Amino acid sequence: MPDFLETEQEKTVRAYLNHFARTEIRPRSLEADRMQDIQPDFYQAVQRSGISMEMMPRNPGSRSKEGEQREHTTLRLSVLASEELSWGDASFLLSLPGPGLGGPPVSFIGTPEQRERFFAIFKDTEHPHFGAYALTEPEAGSDVAGIKTRCEAVNGGYRINGTKTFITNGSRADWVVVFASIDPSLGRAGHRTFVVERGTQGFSVGRRHHKLGLRANDTAELVFSDCFVPEENLLGGRAHYEQSKEGFKVAMATFDSTRPLVAAMAVGIARAAAERARELIEERYMLGRALPRYRALREALDDMDRRVRAARLLTWKSAFLADVRQPQSRAASMAKAYAGKEAVLICREALELTADSGEVPDPFLEKWFRDIRVFDIFEGTAQIQRLVVARRLFEEIGAKVGL
Ligand SMILES: Cc1cc2nc3c(=O)[nH]c(=O)nc-3n(C[C@H](O)[C@H](O)[C@H](O)COP(=O)(O)OP(=O)(O)OC[C@H]3O[C@@H](n4cnc5c(N)ncnc54)[C@H](O)[C@@H]3O)c2cc1C
């Protein structure tokens, strides 16, 4: 059975990150949302604090020998970290320097040289560096197999053409993991995965998206126009893709390892909203504890608290399974689907319970109401998570009855 007791190290990290979120993130949160950007002084605070993406799984699920020990202890810690920092502001967490979603594919199939080369940049703690992950296209979001970005083998490498959209940290990434198809008629088997570095000719940043929530975090369109990428940047090398669907598998495996983190972020925001609603209601009914209305509100608040805890349990379970190297695709999708959906509802209820005559009761509640919306969308929408869960269930049933 999963051991959900926190170790001393986890307790220390959680307390430290909560302090950081409270003192360095929350005070900057509303202004960053308004400016749709995070000011450089935050990165100085990050540098002073020693917080890094190392707390996030740079290589979760990696098959690399050198990574094994670290990963074993990391995903669970990362989930704790993800909740605490998102409790402060999820945009800030997403904007922490590091490889981000680009990390897992490089770890999964990158050669030792590629891992060394692309991760080396993050050793420079003086300046923030970012990686990114570019799969989504204007015409292909959930339908990952339908990507239209083309890669054509040419002398010494590949030529990439296409557009990627909604790429987290896209406009400031030092490198981007890009998924392209060698031949769309091959479907998933035609997918190839590249690392494209900033400054590569033919690679440019299009518009920065103006979003409803998570506004302080950079999300951009990336354009590849006859962009030549050398052979060394094909993740895993050519042999890796021969007679396999490795490119597609990499895209999916990334999600299995990062969905628990996204679920934890949703838990962090929902917890923040539930706590804030409770504070406001306790304040407002200081002298009205006996009122039936107060009791009804308390019941609603307790219900929100229970759902936050349930979402956290599912999230921890999926992290636990990953840490002990058990299949966790179903658990990760369940956690993501449940946490995403409940968090959206909880943020809405927090706003509704505290609003007086339709006025916004608190700028944070209004912001979290906007921020949380995307947790039902990115890293696979709620419907897609349910499809994954259903598929895994049928596989299990099929295996049991010998289908
Ligand atoms: C803030 C933000 C950051 C993002 N960051 C990244 C990033 O870093 N890298 C990246 O590659 N992408 C990123 N994305 C893109 C994100 O992953 C996609 O938006 C998401 O996968 C959904 O794709 P879509 O928007 O094209 O919606 P669609 O796939 O067009 O879906 C539209 C609706 O149809 C439903 N639907 C689609 N297919 C099915 C089906 N088969 N069965 C049932 N229902 C279905 C969906 O659930 C959804 O409700 C980001 C998006 C946002 C908003």
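The shown structure was predicted, so the numbers you read here are calculated from the model rather than taken from an experiment. For ligands, and for the atoms within them, numbers begin at 1 and follow the listed sequence.
With hydrogens left out, the protein atom closest to atom 39 (C) of ligand 1 is Ile384 CD1, 3.8 Å, a heavy atom. Counting protein heavy atoms only, atom 53 (C) of ligand 1 is closest to Val374 CG2, 3.3 Å. Shortest contact from atom 21 (O) of ligand 1 to any protein heavy atom: Gly141 C, 3.9 Å. At the top of the distance list for atom 17 (O) of ligand 1, counting protein heavy atoms only, stands Thr136 OG1, 3.6 Å. Atom 2 (C) of ligand 1 has as its closest protein heavy atom Phe378 CD2, 3.7 Å. With hydrogens left out, the protein atom closest to atom 47 (O) of ligand 1 is Thr381 OG1, 2.5 Å, a heavy atom.
When each atom of ligand 1 is checked for a heavy atom of Ile377 under 4.0 Å away, the hits are 19 (O), 20 (C). When each atom of ligand 1 is checked for a heavy atom of Leu387 under 4.0 Å away, the hits are 40 (C), 41 (N), 42 (N). Ligand-side atoms of ligand 1 in range of Lys211: 1 (C), range being under 4.0 angstrom from any heavy atom. Heavy-atom contacts of Ile167 reach the following atoms of ligand 1: 7 (C), 8 (O), 9 (N), 10 (C), 11 (O) (cutoff under 4.0 Å). Close approach of ligand 1 to Ser142 is summarised as follows: ligand atoms under 4.0 Å from at least one heavy atom of the residue are 23 (O), 28 (P), 29 (O), 31 (O), 37 (C), 38 (N).
Between His209 and Phe166, the two ring planes are parallel [angle under 30°; tilted spans 30° to 60°]. Using bins of under 30°, 30° to 60° and over 60° for the plane-to-plane angle, the ring pair His129/His127 lands in the perpendicular bin. Ring geometry for Phe20 versus Phe42: interplanar angle of 30 to 60°, hence tilted.
Under the 4.0 angstrom criterion, atom 25 (O) of ligand 1 counts as lacking any protein heavy-atom contact. For atom 49 (O) of ligand 1, a protein heavy-atom neighbour is present inside the 4.0 Å cut-off. Distances from atom 7 (C) of ligand 1 to the protein include at least one heavy-atom value under 4.0 Å. Distance check for atom 33 (C) of ligand 1: every protein heavy atom is found at 4.0 Å or beyond.
For Thr168, a nitrogen or oxygen atom sits less than 3.5 Å from a nitrogen or oxygen atom of ligand 1, counting backbone and side chain alike. Residue-to-ligand polar distances place Leu135 within reach of ligand 1: an N/O pair is separated by less than 3.5 Å.
Side-chain atoms of Glu137 come within 3.5 Å of backbone N or O of Thr149 as a donor-acceptor pair. Put simply, the side chain of Asp218 gets close to the backbone of Ser171: a donor and an acceptor are under 3.5 Å apart. In this structure, the side chain of Asp174 engages the main chain of Phe130 through a donor-acceptor pair within 3.5 Å. Checked by atom type and distance alone, the side chain of Glu231 never pairs as donor or acceptor with a backbone atom of Gly237 at under 3.5 Å. A side-chain donor-acceptor contact under 3.5 Å links Lys164 to the backbone of Phe179. The closest donor-acceptor contact from the side chain of Arg188 to the backbone of Ala145 lies at 3.5 Å or more, if one exists at all.
When side chains are defined from C-beta on, Thr12 does not count as touching Glu6, because their heavy atoms never get closer than 4.5 Å. No side-chain heavy atom of Glu379 sits less than 4.5 Å from a side-chain heavy atom of Leu261.
Ion pair Arg312/Glu342 not flagged as a salt bridge, since none of the NZ, NE, NH1 or NH2 atoms sits closer than 4.0 Å to an Asp/Glu carboxylate oxygen.
Around atom 44 (N) of ligand 1, the closest heavy atom drawn from Glu139, Gln383, Glu379 belongs to Gln383. Considering only non-hydrogen atoms, atom 51 (C) of ligand 1 lies nearest to Phe166 out of Tyr133, Phe166, Phe179.
For Leu214, the heavy-atom gap to ligand 1 stays at 4.0 angstrom or more.
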